[in-house]
*Asks:* 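First the structure, then my questions, so here it is.
All of these numbers come straight from a predicted model, not from anything done at the bench.
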Amino acid sequence: MFKIGEFARLNRVSIRTLRHYEKLCLLMPDYVDDQSGYRYYSATQISRLNRILLLKEIGFSLSEIVIALRDDLTAAQMMDYLTDKRRQLVRVIQSEQCKLERIDARLKILQQEEKHMNYDVIVKELPASNVASLRRNISDYGAQGPLREELTA
């Protein structure tokens, strides 16, 4: 049996973490002394702690870990659980990749037009819609009146 501090040092976690896991019923002490309140853990609990730490490391929330360990999943069920988590992570990565691409596009615009633009451009995706347009070369901005009339007609 290990006191909580020894168990924490042995497994490279904090005492606070072990107490938190106890509150969540993830990892209960093997024995609690009635007199002193000291918590004791056994060597057999190391594998459960390692499973908790692994699941946490690969992105599972503590509430998801509680469910996974509470239900004592079979190997096949754990594979399904991990596959679902993988799908979630792939979606997050794709979303973050889109954000990176937007940042890169914005940086490119800023680098190319740094000297010419004095305003911000925001690129937005809009739903498809019908658009009427007319294209002509005009000598100056004031010559657009007849084009507007033609387009409106």
*Asks:* Find the distance between CG (Leu134) and OG1 (Thr152) and round it off to the nearest 0.5 Å.
*Replies:* 10.0 Å
*Asks:* Between Gln77 and Thr74, is there a donor-acceptor pair closer than 3.5 Å when you use the side chain of the first and the backbone of the second?
*Replies:* yes
*Asks:* Walk me through whether Ile46 and Leu10 qualify under side-chain contact (heavy atoms from CB on, under 4.5 Å).
*Replies:* CA-CA 9 Å; Ile46 293 173; Leu10 178 68; 3.8 Å; yes
*Asks:* Determine, step by step, whether Thr44 and Asp30 satisfy the side-chain contact (heavy atoms from CB on, under 4.5 Å) criterion, reporting the C-alpha distance in whole Å, the side-chain angles of both residues, the deciding distance to 0.1 Å, and the verdict.
*Replies:* CA-CA 9 Å; Thr44 59; Asp30 204 31; 5.5 Å; no
*Asks:* Membership question, hydrophobic clusters at under 4.5 Å side-chain separation (ILVMFWY): are Val32 and Tyr41 in the same one?
*Replies:* no
*Asks:* Rounded to the nearest 0.5 Å, what separation is found between the OH atom of Tyr21 and the CG atom of Leu53?
*Replies:* 5.0 Å
*Asks:* Just verifying a value: how many Å separate Ile67 CD1 and Ser61 OG, rounded to the nearest 0.5 Å?
*Replies:* 7.5 Å
*Asks:* Can you confirm whether more than 12 heavy atoms, excluding those of Asp140, are under 6.0 Å from its CG atom?
*Replies:* yes
*Asks:* Taking Gln111 for the side chain and Lys108 for the main chain, is one N or O donor matched with an acceptor at less than 3.5 Å?
*Replies:* no
*Asks:* Rounded at 0.5 Å granularity, tell me how far NZ in Lys3 sits from CZ in Arg39.
*Replies:* 13.5 Å
*Asks:* Are Lys56 and Glu64 close enough for a salt bridge, meaning some N to O gap below 4.0 Å?
*Replies:* no
*Asks:* So which atom in Leu26 and which in Ile52 form the shortest heavy-atom distance, rounded to 0.1 Å?
*Replies:* O-CD1, 3.8 Å
*Asks:* Heavy-atom count around Tyr38 OH within 6.0 Å, excluding the residue itself: above 12?
*Replies:* no
*Asks:* Are Glu96 and Lys99 within salt-bridge range, i.e. N to O under 4.0 Å?
*Replies:* yes
*Asks:* Checking Ser95 side chain against Arg91 main chain: does a donor-acceptor pair fall under 3.5 Å?
*Replies:* no
*Asks:* Count the heavy atoms of every other residue, nucleotide or ligand shown that sit under 6.0 Å from CE of Met1, and state whether that count exceeds 12.
*Replies:* yes
*Asks:* Distance from Arg19 atom CZ to Leu24 atom CG, nearest 0.5 Å?
*Replies:* 14.5 Å
*Asks:* With ring pair (Phe, Tyr, Trp, His ring centres under 6.0 Å) as the criterion, how do Tyr40 and Phe7 come out once you've worked through the C-alpha distance, each side chain's angles and the decisive distance to 0.1 Å?
*Replies:* CA-CA 8 Å; Tyr40 293 90; Phe7 192 74; over 10 Å; no
*Asks:* Return the CG to CG distance between Leu27 and Leu69, rounded to the nearest 0.5 Å.
*Replies:* 9.5 Å
*Asks:* Would a hydrophobic clustering, with Ile, Leu, Val, Met, Phe, Trp and Tyr connected at side-chain separations under 4.5 Å, put Leu62 with Met28?
*Replies:* no
*Asks:* Do you know which two heavy atoms are closest between Lys85 and Gly59, and how far apart they sit?
*Replies:* NZ-O, 2.8 Å
*Asks:* Do other residues, nucleotides or ligands put more than 12 heavy atoms under 6.0 Å from Arg51 CZ?
*Replies:* no
